[in-house]
Structures are given as C-alpha cells and as structure tokens.
There are 2 protein chains.
Amino acid sequence: MDNFSDRLLDAINTKGSPICVGLDPRLELLPNSIVKKAFQKVRKTNSAIANAFEAFNKAVIDVVFDLVPVVKPQIAFYEAYGAAGIKAFMNTVAYAHRKGLIVIEDAKRNDIGTTAAAYALGHLGCPSSRITSKSQGLGVDAITINAYLGYDGIKPFIERASEYGKGVFILVKTSNPSSREIQDLILADPFQGMTVYERVAELVDSWGEKSIGKSGFSNVGAVVGATFPSVAAQLRKLMPNAIFLLPGYGAQGAKGKDIAPCFNAAKKGAIVSSSRQITYAFRNAEGKEISGVPFTEHIRKAVIKMRKDVNSAIGAL
Amino acid sequence: MDNFSDRLLDAINTKGSPICVGLDPRLELLPNSIVKKAFQKVRKTNSAIANAFEAFNKAVIDVVFDLVPVVKPQIAFYEAYGAAGIKAFMNTVAYAHRKGLIVIEDAKRNDIGTTAAAYALGHLGCPSSRITSKSQGLGVDAITINAYLGYDGIKPFIERASEYGKGVFILVKTSNPSSREIQDLILADPFQGMTVYERVAELVDSWGEKSIGKSGFSNVGAVVGATFPSVAAQLRKLMPNAIFLLPGYGAQGAKGKDIAPCFNAAKKGAIVSSSRQITYAFRNAEGKEISGVPFTEHIRKAVIKMRKDVNSAIGAL
C-alpha cells in the first residue's frame, strides 16, 4: 500500500501546486441554474437538496480537477441533511476519486476506544479504489481529527491510516480568533513557557514518527491556521515531518505570503485550502450571482488566481 | 420553549434516577436472534446492518424507557455505515422520542463559523416533536461538543440550543487515561497552577451564564469522566450551574461512589451514562451470549442494578 504522504506529495508535484478546494455546499449560495433544475419537479426535501449539492460538487470538480491535487469536503454541510446528505457526500468522494483527486475529509472527529475505532473504520476504512454507495465507510483518503482526548483517541485513526494507505491531519492551531482561548494558554513546568498548541505540535510530531514515507513526511499531518504566519514558522520547526493543512486562505484573510513559512527549505510540506473564495467566486462582494458567463468559469478563474498567488509565494522562498 | 436543563431535571425526577443508557450498536455484539433475523434473506450490506441496529435499539428502548430519562446514541457507530447508518440513527431518535425519552447525541463535534452553524442546525435544529426521516436535522435534544477551538465554535451551538429548547455538553475532562496528555497540562500566569481542563471548566461556566433555567442549571453542560472522582469535586465548584454528563460508569471502571462528588448539595446536577454494561449485559465475561432468557431481560436487570447503585450513592450524600 502506498504511503499517504508520498501519494499526496506526488499529486502536488503532478498538478504543479499545493492547493486544495473545499467542497462546502450551502443551499443559499448555490448557483441559480443548479437550484432551478433541482427543484423543478420536487419540494425542497433533504433528498432534493442533497441532489443539488452533488450536482454542484460535480460541476466544481469538473473545472478544477486538472489544476489541483486535492478536494476537501466539510462533512458538516452534508450531515445537516441526514442520510440523504451523507449519500451526496459519498457520491462526491467517489466522483472525485474517478477524476484522480485525493479527498481530505474535514470532520474534526474525536473520541476514544471502540468509538474512535468506529470513526476510523467508518471514514478511512474503505480502500479508495473500492468505494461504492453500498460499501462500509466513507472511503476518504484522509480526515481531520481533534487531539483534546490524547493518544487514546488518535491511535485508532493512525492504525487504520497505515492499514489502508490513508492519512490524518490533527488540529494544532486553528485559524479563528477565539482559537487563543485554549490553544494559546501558556504552560508551566515541565513545559515552561510553551503554549498548549506548541505542546500539541510536539505530540503530533511524536505520533507521526513511525509513518514517515520516502518523501520524509509522515501520514500524521497538522491543521495550522494560515492566518497566523509567525506561529506557522515556529510550528514548522516543532513538526519537521508533518504535512500542514492550511485553512484560512482567502475568505478568512490569509494571503500567499502568509503561508510561505509553512513550507520547509525544499519548498515542500504544506497544502493550502480555500473554500468559499473558490466555489462561490460566481457571487460578487454583495453576494449576488454575476451574470454573463457560466458559474464554472468564475470558479476556474479563481483557482488559477489562487494557484498563481500560492506558487509565487513558494517560489520566492 | 421549555429550557433544556429544566426539561432534563424534570425527566430525571419523573423517572427517579439520573441515569442514561448509551446506544452504541456494534455488529459483532448484537444478539444472535437479531442478527439471524436481519440477514435471513439479505447480504450484510450497510443497509441490512443498519436495519439490525435499529431493531436492536428499539428492543433496548422498549425495556428501559420506564426506568431511565435519557438515551445517548454515539453517532460514530452509525455513520460508519454511511447513509443507511444515519437513517438508523434518525429512526432511533424518533422512536426514543415517541417513548418519551430525552436523546443526548454523543458526537463531540467542533468547528467554527458557518461550519459550526451547519453542525448546530443539522443536529439540534429540528424541534424534537417534529422529527421525521424527511425533515432537516437529526433532531436530538442535546449534543456533546469539543471546545479546543474556543467560543467561535461553541456559540452557534448555544444559539440553536436556546432557539429550539436544546442543550450542549462540552468536553472538560474525559474518562480515558491519555486525557492527561493535553487536559492535565499545568498553566502558567495568568492561570498559574490551574490545569487546562480547569480553565476549560471556567470557560464552560461563563458560556452557560445566559441560559440558566428555573432549576438553577444551564443549557451548557459538561462532560466529566466518572473515572476521576477527586477531579469531579473540584469541577463541581468551578461549574456550579453546569449539568455533568458522566461517561465511564461500568465498563470503564467507575462505580456509584465515584460519581457522588458530581452532584451538588441538593443531590442534583449530573447524569450517569453507561453503554456496554447495560446493552450487552446478555454477554458473559468471555463475551458469549447467555442462553435461557431473552436478551432484553438481561438488559432490564442491568439497568435496575445500575439505578440502585447510583441512587444509593446519591442517597448517601
């Protein structure tokens, strides 16, 4: 089984940019054309909404798959519509795989023992090549997880990841303002002067030691908010082998130069994610849909712009 | 809209015990009779397994609903089976509601902004009385959440909880051994000498201030591992208005006397949860199914035993 980190770095290399498109479908933001078609003959049931999500995601994937190595669906937006939403999620994963994309599920799951094992098997446990709507598990390539419960909650995910050639990304420092409330607390002895997130970073580094691939990176990655560039440089030192997943680019305010410190000296080791700024690029600053050209053209243009911005920031390293 | 904390305390009062049965269906542990019936004519697809889960949950609910105020399904075990699993989850919630039970979903969700809003709407957003397989949202009465991301990730849940008469339980100190890795870290100034979980407890207390009901308890509760009795007493002081959800009773080793410090002077304010020890009581120490009487009798006996143990521990306060 190929190591996930090697697979991810290969894909970044092939596509020529370490970027990722978030697939976060929201009914109120979908293009009119999709909404009109979806509800032509049916009421807005969970099922009809989920079908609209799936149609939108496929349209997005069709215009980005040759430009990006990864898509990142946020499962919250799907599970809000119950079983129908999960079906749309699974169909989206399968479609992305058919287009050769790696799928990182943003789920921030966390639990212990048999529960963590159920999450790990359910989300990572299906080989990517074999996912169908009937198979057990969502079949994603990697999942984001939360480490507040310690290694008991991490181990089952790492084990399944090794077994199936998958990966995990552990929340270290998140991109939002109130992340400081717990993550930035300053520690006393024996970790005098470190923050909670720095200690979590040390744990992430140790948890990843056993799954370092040929690329020098581990299957145990880290979620690091791209909105805090000075923090990123410090975290790069604490987790030399972790691939960073960087949310916060675009809508949350981070720019290309902010993400530069997340890459190592060889310009490797991070993947930059953007959701709203890409998939809803067909809406103007007031939120209105821009008429004239198909919505997919706006999405493709936005990806090309992000690629350029990110690649030039890395090139300048 | 009735306040959740008042509704929960009323239900505890009516049923005569602050206990909760976890509904964590695992295929390998289901009773032979259920398994045999479920797979008589079909293969073990997600859908057939989910149907078996639902049949088992209904059988459990039928023999515990008059003895307990609350059931707590752990969603990990359902979402492992994709859309079919979620359907079984929703049908279980609806059935529990028909039997007059309060449903606390163990999900440990966490995210920020629109994503947290989607989780909150999706899990809590449907009025309990109106849940159907077609309605948006899982319609549970309360959900467990993880605070590592700070208030940005908590606020959307608290808002929906207020709107729909629901509640949240925030992870403070979990029952597992490795919970110490992050939760027990000692802080420096300005929180000199406190642990991370004590600081989280202070935040939980402040986040709950605005939703205190007639009972004196808030809609913002806390998850506190029943496996650490000395910790519980300290946390009771830090969160005088929070209802404690106590996992760890039974299979994880906590006994009635361990949970006593979680209750206040009026013998109120906590709910004790047990899963395996109740729902799989028809299996012996070696894991073999005990023959002779229906599995449901073992379950009912186990609940009665737990009730007695917990009630006598509280009575002795």
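The chains referred to below are lettered A, B, ... by the order of the sequence lines, with proteins before strands, and numbering in each begins at 1. All of these numbers come straight from a predicted model, not from anything done at the bench.
Of the atoms belonging to A/Tyr78, not a single heavy atom falls under 4.5 Å from chain B. The contact between A/Ile112 and chain B is made entirely by side chain atoms (from C-beta outward), counting heavy-atom distances below 4.5 Å. Proximity to chain B is absent for every atom of A/Val223, based on heavy atoms less than 4.5 angstrom apart. Residue A/Leu203 touches chain B through its side chain alone, counting heavy-atom pairs closer than 4.5 Å. Both the backbone and the side chain of B/Ala147 come within contact range of chain A, judged by heavy atoms closer than 4.5 Å. Interface remark: A/Tyr151 contributes backbone and side-chain atoms alike to the contact with chain B (heavy atom separation under 4.5 Å). Of the two parts of B/Tyr148, the backbone and the side chain both hold a non-hydrogen atom closer than 4.5 Å to a non-hydrogen atom of chain A. Residue A/Ala84: no heavy atom, backbone or side chain, is found under 4.5 Å from chain B. Both the backbone and the side chain of B/Tyr197 have a heavy atom closer than 4.5 Å to some heavy atom of chain A. For a residue to count as touching a neighbouring chain, one of its non-hydrogen atoms must lie under 4.5 Å from one of that chain's; by this rule A/Pro177 touches chain B with backbone and side chain alike. Of the two parts of A/Arg26, only the side chain, counted from C-beta on, holds a non-hydrogen atom closer than 4.5 Å to a non-hydrogen atom of chain B. In this structure, chain B has no heavy atom under 4.5 Å from any part of A/Ser275. Heavy atoms closer than 4.5 Å to chain B are found in both the backbone and the side chain of A/Asn110.
Between A/Ala50 and A/Ala88 the shortest heavy-atom distance is O-CB, 3.4 Å. Between A/Tyr81 and A/Phe77, the shortest heavy-atom contact is CD1-O, 3.5 Å. Of all heavy-atom pairs between B/Ala96 and B/Val103, the closest is CB-CG2, 3.7 Å. Residues B/Ala222 and B/Val204 come closest through the heavy atom pair CB-CG1, 4.5 Å. For the pair B/Ala76 and A/Ala118, the tightest heavy-atom approach, listed with the atom from each and the gap, is O-CB, 4.0 Å.
Partners of A/Phe244 according to the ring-ring contact (aromatic ring centres under 6.0 Å, His included) rule, which considers only residues two or more places apart in sequence or in another chain, do not exist here. For B/Thr115, the side-chain hydrogen bond (donor to acceptor under 3.5 Å, both in side chains) test picks out no residue, with sequence neighbours left out.
Contact count versus chain A (heavy atoms, under 4.5 Å) is highest, among B/Val196, B/Asp189, B/Leu149, B/Ile182, for B/Leu149. Across B/Thr174, B/Asp111, B/Asp24, the residue that shares the most heavy-atom pairs under 4.5 angstrom with chain A is B/Asp111. Listed options B/Ile86, B/Asn176, B/Leu185, B/Ile186 were ranked by heavy-atom pairs under 4.5 angstrom with chain A; first place goes to B/Asn176. Across A/Gly150, A/Ser178, A/Ala83, the residue that shares the most heavy-atom pairs under 4.5 angstrom with chain B is A/Ser178. Each of A/Lys173, A/Glu181, A/Gln192, A/Arg180 has some count of heavy-atom pairs under 4.5 Å with chain B, and the biggest count is that of A/Glu181.
If you check the side chains of B/Asn91 and B/Glu54, you find a donor sitting under 3.5 Å from an acceptor.
Atom CE of B/Met90 is separated from atom OG1 of B/Thr92 by 11.0 Å, given to the nearest 0.5 angstrom.
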B/Glu79 vs A/Arg109, salt bridge (charged side-chain N to carboxylate O under 4.0 Å, His left out): CA-CA, chis, key distance, verdict: CA-CA 12 Å; B/Glu79 67 182 52; A/Arg109 294 297 190 260; 2.9 Å; yes

Verdict with reasoning, A/Arg160 to A/Lys166, per side-chain contact (heavy atoms from CB on, under 4.5 Å): CA-CA 7 Å; A/Arg160 289 292 172 183; A/Lys166 308 288 179 83; over 6 Å; no

